Structure formats: C-alpha cells, structure tokens
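These notes concern the structure reproduced below.
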Amino acid sequence: MRGPVVTLLALCTVLLGGCSTADRMRREFVAMRYMQQAQRHLLELPRHTSRAERELDRALALMPQDEELRSRAAHLYVSARAWRKAVRLLEGQEDPSRADRIVLGQALMQAGERERGARICLEVIEEAHRLYEAGQIGRADYAGVLNNAGYVMADASARLDEAYRAVKRATKAFPLEASFVDSLGWALLRMGNHRDAAFYLERARRLSPSENPEILYHVGVAYARLSRYGDAEDALRRAAHLDPDFEAVKRELERLGRILPRPVLAGRNAPATDDLSAPAPPAGHP
C-alpha cells in the first residue's frame with residue numbers, strides 16, 4: 001500500500017502547486033488589465049484621473065509586492081495627482097532610476113515636503129550634468145532630465161531660480177519641443193514674469209501636436225494674470241473639458257468667478273483688478 005500512497009501524495013503536491021501557479025497567473029493577468037485601463041484613462045481625452053486611481057488601487061491589491069508593477073503604478077499615480085500613494089511606492093527603493101527619483105521628488109513637493117523633493121530633483125540634475133559632460137548620456141536624455149526636474153520644481157514653486165535655469169537650458173537645446181517650451185513659460189509665470197510667460201505658453205500651445213489640458217491650464221492662468229479674462233476662461237474651460245478631475249483648473253475658474261461678475265467674465269479683456277496682480281497659489285499638477 002505504501003507505493004500508491006506515496007504516488008497519491010506526490011500527485012496532490014503537484015496539483016496544489018499547479019493551483020497556486022494558476023492563481024498567481026490569474027492575478028498577474030487581472031492586475032495588468034487594471035494597469036492598462038488606468039493608463040488608458042490617463043492617456044485618452046477626456047482624461048479620468050479618479051477612475052485611473054481606482055484601477056491602480058485594484059492592481060496593487062492583487063500584486064502588492066511586485067516591484068515592476070509598483071514602479072509603473074507610482075508614475076501613473078503621479079499622473080493622476082495621487083501624490084501620497086506615489087510616495088509610498090517609491091520611498092525606500094534600493095536602486096531607483098532617474099525617472100523614479102524625479103517622480104518621487106515631484107510627489108514629495110506636491111504632498112507638502114517641498115524642500116526634500118527639490119533636493120532630490122537638484123541631485124538628479126547635477127548627476128545628469130556630470131554624465132553628459134563625461135559623454136555617458138546624450139543630449140536628448142540630458143535635456144529631458146533638465147526639463148522634467150526643472151518643471152516639477154517650478155510647478156511646486158520650489159527653487160525657482162534653479163528650475164528656470166534647467167528648463168531654459170533644455171529649451172535652448174530643443175526649441176521646438178512643446179513640453180520644454182511649456183516648462184519655460186510656466187517657470188517664468190511662477191517667477192512673476194507674466195508677459196514673457198504668456199509668450200512661451202502660447203508658443204507651446206501652437207507647437208503641441210494635440211490639445212493638452214496642462215498647457216491649456218497654464219495658458220489660462222497666464223491670460224488671467226494679464227487681465228485677459230475672456231481668453232483665460234476659454235482656455236480653462238477647454239482644459240476642464242479635457243480633464244474633468246483637474247482640481248487646479250476648477251480652482252482657477254472659481255477664482256475668476258469671484259473676481260468678476262458673470263456678465264463681465266463672459267466678455268473679453270476686462271479691466272484689471274488688484275486681486276489678480278499676484279501669482280496664483282501652486283497648482284496641483286504638472
């Protein structure tokens with residue numbers, strides 16, 4: 001009887017192992033589907049960031065320890081403006097990439113840890129500069145790091161001088177790259193140079209191959225600071241249509257509504273008021 005018993009036990013072990021493998025594969029498949037759905041919600045227009053965040057939550061619930069999934073989810077959480085969730089996924093990584101470090105810096109700054117996040121971005125910029133000078137990375141990669149790190153600092157109104165220098169250098173290298181030109185304009189606006197900011201932001205809008213809610217938001221804020229209230233409302237409402245969950249756009253539209261009565265807001269280029277002379281508070285997203 002010992003032979004059949006041993007055989008049965010071995011068969012049970014194989015079957016149980018097979019069930020475990022099948023369950024793991026099923027969870028991986030479903031988690032990847034959630035990730036794909038989240039990415040689609042963030043890439044397609046109109047965007048639905050709240051839906052994307054829910055899909056990411058579901059993916060991580062299925063595979064909470066998968067490092068590759070955690071890194072991808074962190075970047076998507078940032079796109080969905082779920083800053084704290086991104087921080088939790090990125091902190092403590094053993095060997096984070098430059099992209100992961102910039103995203104961590106952005107999430108930290110937007111979550112309230114401005115100086116800590118800015119230091120991370122500045123370290124990445126300095127590292128990229130050394131690698132570029134040594135010929136270890138190309139001009140496109142170098143400019144991309146300068147733009148991304150500089151933009152997220154400018155967006156958080158952190159280390160504005162360093163942020164401006166970074167995005168200006170990136171734009172000088174690639175003057176027709178819409179995202180770089182947008183970063184330069186946004187940095188100038190954060191520094192209070194509204195007229196030059198509007199010039200670059202309008203240029204970024206023209207250079208962009210498709211309508212972009214972030215660029216439209218930036219253009220709308222610049223117009224508002226220049227008392228071009230009708231133009232500002234047009235750009236902001238278009239941004240709100242393309243990204244219904246964009247809280248910074250909603251706040252800026254509410255701000256215009258408080259400053260001017262509706263009949264005036266509906267007109268073009270109303271007279272300036274003191275309330276719009278100062279820069280707006282930091283926005284929620286890049």
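Not measured: the values here are computed from a predicted model.
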I would like to know whether D66 and R72 meet salt bridge (Lys or Arg N to Asp or Glu O under 4.0 Å); could you show each step before the answer? CA-CA 10 Å; D66 187 284; R72 288 181 58 194; over 6 Å; no
D155 and M109: CA distance, side-chain angles, deciding distance, side chain to side chain contact (heavy atoms under 4.5 Å, CB included) verdict: CA-CA 9 Å; D155 194 43; M109 285 186 285; over 6 Å; no
Using salt bridge (Lys or Arg N to Asp or Glu O under 4.0 Å), reason through R159 and E115 one step at a time and then give a plain yes or no. CA-CA 8 Å; R159 302 292 190 94; E115 187 55 30; 2.5 Å; yes
Going through the checks in order, is the side chain to side chain contact (heavy atoms under 4.5 Å, CB included) test met by R237 and V249? CA-CA 8 Å; R237 291 201 179 281; V249 172; over 6 Å; no
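We find the CZ-CG distance between R206 and L176 to be 11.5 Å, quoted to the nearest 0.5 Å. Here S179 contributes atom OG and I215 contributes atom CD1; the two are 7.5 Å apart, rounded to the nearest 0.5 Å. A distance of 10.5 Å separates CG of L216 from CG of D234, quoted to the nearest 0.5 Å. Of the inter-residue distances, the one linking R54 atom CZ with T49 atom OG1 reads 9.5 Å to the nearest 0.5 angstrom. In this structure, NE2 on H218 lies 8.5 Å from CG on N212, to the nearest 0.5 angstrom. With rounding to the nearest 0.5 Å, the separation of CZ in R190 from OG in S157 is 4.0 Å.
Hydrophobic clustering of Ile, Leu, Val, Met, Phe, Trp and Tyr side chains at less than 4.5 Å, counting indirect connections, keeps L89 apart from L104. Side-chain heavy atoms closer than 4.5 Å link hydrophobic residues (I, L, V, M, F, W, Y) into clusters, and following such links, possibly through other members, connects L69 to L76. In the hydrophobic clustering of ILVMFWY residues, with side-chain heavy atoms under 4.5 Å counting as a link, L253 and L189 come out together. Hydrophobic clustering (side-chain heavy atoms under 4.5 Å, transitive across Ile, Leu, Val, Met, Phe, Trp, Tyr) groups I102 together with I125. In this structure, Y34 is not a member of the same hydrophobic cluster as M25, with clusters built from ILVMFWY side-chain heavy atoms closer than 4.5 Å.
Heavy-atom contacts from other residues, nucleotides or ligands closer than 6.0 Å to CZ of R195 number 12 or fewer.
S71 pairs by the side-chain contact (heavy atoms from CB on, under 4.5 Å) definition with H75, Q93, D100, not counting sequence neighbours. Residues satisfying the salt bridge (Lys or Arg N to Asp or Glu O under 4.0 Å) criterion with R88, sequence neighbours excluded, are absent altogether. Taking E211 as the reference, R238 meet the salt bridge (Lys or Arg N to Asp or Glu O under 4.0 Å) condition, with sequence neighbours excluded.
A salt bridge links K250 with E247: the closest approach of a Lys/Arg side-chain nitrogen to an acidic carboxylate oxygen falls below 4.0 angstrom. By the 4.0 Å N-to-carboxylate-O rule, R58 lies too far from E53 to be salt-bridged with it. A salt bridge does not link E252 to R258: none of the charged side-chain nitrogens sits closer than 4.0 Å to a carboxylate oxygen. Salt-bridge formation is not detected for the pair D245/R51: no Lys NZ or Arg NE/NH1/NH2 atom is positioned less than 4.0 Å from an Asp or Glu carboxylate oxygen. We find that D23 and R26 are joined by a salt bridge, their nearest charged nitrogen and carboxylate oxygen being less than 4.0 Å apart.
Side-chain contact between L45 and P213 is present, with at least one heavy-atom pair separated by less than 4.5 Å. Using a 4.5 Å heavy-atom cutoff, the side chains of P46 and H48 are in contact. Contact annotation: the side chain of Y151 never approaches that of L146 to less than 4.5 Å [non-hydrogen atoms, C-beta and beyond]. Under the 4.5 Å side-chain criterion, counting only non-hydrogen atoms from C-beta, Y77 is not in contact with V103. Taking the side chain as every heavy atom from C-beta outward, F246 and R47 never approach each other to under 4.5 Å. Two residues are said to be in side-chain contact when any heavy atoms from C-beta on lie closer than 4.5 Å; V152 and C121 meet this criterion.
Looking only at distances, no side-chain donor or acceptor of D141 sits under 3.5 Å from a matching main-chain atom of I137. Judged purely by atom type and a 3.5 angstrom limit, R27 uses its side chain to pair as donor or acceptor with the backbone of L62.
Nearest heavy-atom pair across A235 and V219 is CB-CG1, 4.3 Å. Shortest non-hydrogen contact noted between A154 and A163 is N-CB, 3.8 Å. Listed here is the closest heavy atom pair of P175 and V181: O-CG2, 3.4 Å. Closest approach of R84 and A111 over heavy atoms only: NH2-O, 3.2 Å. Minimum heavy-atom separation, M35 to A73: CE-N, 3.7 Å. Smallest separation of non-hydrogen atoms from A224 and Y229: O-CE2, 3.5 Å.
Residues in residues 163-188 take part in no salt bridge (Lys or Arg N to Asp or Glu O under 4.0 Å) pair, two or more places apart or across chains. The stretch residues 116-130 participates, sequence neighbours left out, in these side-chain hydrogen bond (donor to acceptor under 3.5 Å, both in side chains) pairs: E91-R116, R101-E127, E113-R116, H129-Y142.
For W186 and Y217, the ring centers sit closer than 6.0 Å to each other.
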What donor-acceptor contacts under 3.5 angstrom involve side-chain atoms of residues 196-205, with partners at least two apart or in another chain?
from	atom 1	to	atom 2	distance (Å)
D196	OD2	N193	ND2	3.0
E202	OE2	Y223	OH	2.8
E202	OE2	R228	NH1	3.4

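Ring planes of F174 and F180: perpendicular class, angle over 60° (limits at 30 and 60°).
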